[in-house]
Amino acid sequence: EDGPYLANGAPVTDSANVSVEEVQQTTGESFDVSGLTAPAVIERGTTLNVNATIENPNDEADTQTVEYRFDGNVSVRETVSLDAGESTNVTVALNTSAVASDGYIHGVYTRERGQAAQVLIVDEIVSFGVTDLSAPESVTAGDNVTVEATVSNPNEFAIEQPIQFRFDGDLVETRAVELDGENETTVQFEIDTEGTPPG
């Protein structure tokens, strides 16, 4: 049999204190809403895609109602069942064809929780303009090439759009650029020509 650890023939012992705390059970709490993502600007007639995370903070499984509200009105209502501590992703797709061009508050809500966002619905989103391209006409193979250009937002509202740098037709880098309405900025890209044949 496995006996006590001995030192000089006597068992080695020590004393300690243990504090026992009562664990508070969480039940009946509203599901939480977090991580809401949605575009800030979209063209009228396109689909507004909204995503959010719903989590059950309780120590037992529960079923609750989740709503998506647009401009104060419930557009989507669904029942969500989650185990204790479990979370799920909720996705809503709203057709904006019948929505007037304007700014709106929308969001995802549970019984006592919610997350809201603003969306601007416009008739048209014009692509950013690119001017004043600056790049060397020739470089030695292996050198780095730096390219600069002015990117301008012709829209009256702030928006983010992707800007691409292409070299000999190949996509090198895509960068998200956000600009206020009727504003501009300078973007800079760099490419290493190591291994690029002369031409």
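Fair warning: this is a prediction, and the values are worked out from it, not measured in the lab.
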Main-chain N/O of N51 paired to T91 side chain as donor or acceptor, under 3.5 Å:
no
Which distance, rounded to the nearest 0.5 Å, do you find between the CZ of R77 and the OG1 of T79?
9.0 Å
N/O donor-acceptor pair under 3.5 Å between D180 side chain and A158 backbone
no
I159 reachable from V119 in the ILVMFWY side-chain graph, under 4.5 Å edges
no
Between L133 and V177, is there shared hydrophobic-cluster membership here, with clusters defined by ILVMFWY side-chain heavy atoms closer than 4.5 Å?
yes
So how far is it from I163 CD1 to T185 OG1, rounded to the nearest 0.5 Å?
10.0 Å
Drop me the distance from L94's CG to I42's CD1, to the nearest 0.5 angstrom.
8.0 Å
Using a 3.5 Å distance criterion without hydrogens, assess whether the side chain of T110 forms a donor-acceptor pair with backbone atoms of F31.
yes
Using the rule that two of Ile, Leu, Val, Met, Phe, Trp, Tyr join whenever any of their side-chain heavy atoms come within less than 4.5 Å, decide whether V66 and L82 are in one cluster.
yes
Are V50 and L36 side-chain neighbours, meaning at least one heavy-atom pair lies under 4.5 Å?
yes
Count I, L, V, M, F, W, Y as connected when their side-chain heavy atoms are under 4.5 Å apart, and connections chain through other members. Are F167 and V187 then in the same cluster?
yes
Do F70 and V92 touch side chain to side chain, with heavy atoms closer than 4.5 Å?
no
Short side-chain to backbone donor-acceptor contact, T96 and T47, under 3.5 Å:
no
Kindly indicate, with the supporting measurements, whether the criterion side chain to side chain contact (heavy atoms under 4.5 Å, CB included) is fulfilled by Y68 and V90.
CA-CA 10 Å; Y68 171 70; V90 171; over 6 Å; no
Are there more than 12 heavy atoms of other residues, nucleotides or ligands under 6.0 Å from atom CD of E148?
yes
Can you confirm whether I191 sits close enough to F165 that some side-chain heavy atom of one is under 4.5 Å from a side-chain heavy atom of the other?
yes
Taking side chain as C-beta onward, heavy atoms only, is V74 less than 4.5 Å from Y109?
no
Separation between OG1 of T27 and CG of D59, rounded to the nearest 0.5 Å
7.5 Å
In this structure, OG1 of T150 is separated from CG of D132 (nearest 0.5 Å) by 4.0 Å
Other residues, nucleotides, ligands: >12 heavy atoms within 6.0 Å of Q164 CD:
yes
Ignoring hydrogens and geometry, is there a side-chain-to-backbone donor-acceptor pair from Q64 to E29 under 3.5 Å?
yes
Under 3.5 Å donor-acceptor, N155 side chain and F157 backbone:
no
How about H106 and L48: do any of their side-chain heavy atoms sit closer than 4.5 Å?
yes
Hey, does the side chain of E173 reach the backbone of E190 with a donor-acceptor pair shorter than 3.5 angstrom?
no
Hey, is the main chain of F128 close enough, under 3.5 Å, to the side chain of Q161 for a donor-acceptor pair?
yes
Are V41 and I121 connected, step by step, through hydrophobic side chains (Ile, Leu, Val, Met, Phe, Trp, Tyr) whose heavy atoms are closer than 4.5 Å?
no
Look at the side chain of R44 and the backbone N and O of E124, then say whether any donor-acceptor pair between them is shorter than 3.5 Å.
no
Heavy-atom side-chain proximity of S152 to N183 below 4.5 angstrom
no
Cation over ring, R175 on F189, under 6.0 Å and within 45°?
yes
Please report the interatomic distance CG(N56) to CD(E86), rounded to the nearest 0.5 Å.
8.0 Å
Do any N or O atoms from the side chain of E55 and from the backbone of D32 form a donor-acceptor pair under 3.5 angstrom?
no
